[in-house]
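Whatever order the structure lists them in is the order used to number ligands and atoms, beginning at 1. Residue numbers run from 1 in the order of the sequence given.
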Amino acid sequence: MAPSLHPLIDNGLTKGESDFNGGTLRCHCKSNPVEVELKGNVLHNHVCGCSQCWKPEGALFSVVAVTPDENVKVTKNGDKLAVLNPEATILRKACKECGVHMYGPIEKDHAFKGLSFVHVELSDDKGWQEPQFAAFVSSLIEQGYPPEKMGEVRQKLKDVGLEPYDALSPPLMDALATYAAEKSGKKSKL
Ligand SMILES: [Zn+2]
Ligand SMILES: [Zn+2]
């Protein structure tokens with residue numbers, strides 16, 4: 001039996017809508033959930049195998065995207081949010097009661113500063129961009145997944161149309177490297 005990657009992708013991807021206007025994310029609390037409004041659609045949505053991103057119970061991967069900070073607005077019960085790890089690059093703001101990560105901005109000097117990481121599965125609204133690729137796939141092993149089953153995982157990702165990478169996708173890795181080259185003065189002028 002094929003492994004369960006994430007409920008949103010196990011049965012194939014649902015395409016997003018290009019003219020989607022955004023929606024509301026809600027944490028898993030039964031009463032007084034934290035609500036975060038996102039303006040417009042997300043960018044670079046992907047599945048992620050790292051140990052840091054929030055994922056639902058039983059899922060091997062998280063589904064995580066970015067959106068400009070100015071498109072993120074906490075609209076309800078923001079007092080329940082706390083930064084999970086102030087030392088991390090992404091300052092993931094999680095609900096203190098249910099543990100769900102609501103959004104994660106980057107405040108330190110970084111290529112992706114100005115973007116917040118969000119999980120669109122927390123929204124009932126339809127039209128969010130579908131995942132585009134799979135990141136940090138080999139990280140599953142560090143979290144206890146059997147190495148000999150990784151072939152199966154990569155095949156299933158490919159079957160649903162997600163190219164598996166062991167870091168971010170090439171365009172995002174290039175963006176990180178370009179930022180580093182600019183900072184060190186080594187960026188090609190050609
Ligand atoms: Zn909650
Ligand atoms: Zn991750």
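Ring pair Trp128/His119: centre-to-centre distance not below 6.0 Å. Less than 6.0 angstrom separates the ring centroid of His46 from the ring centroid of Phe133.
Around the Zn ion (ligand 2), the two atoms SG of Cys50 and SG of Cys53 are separated by an angle of 120°, to 10 degrees. The Zn ion (ligand 1) is the vertex of the angle joining SG of Cys95 and SG of Cys29, which measures 100° to the nearest 10°.
Note on His28: not counted as a metal contact of the Zn ion (ligand 1), no N/O/S atom lying under 2.8 Å.
The shortest non-hydrogen separation linking Val74 to Tyr103 is CG2-CE2, 3.7 Å. Closest of all the heavy-atom pairs between Phe112 and Ala175 is CE2-CB, 4.2 Å.
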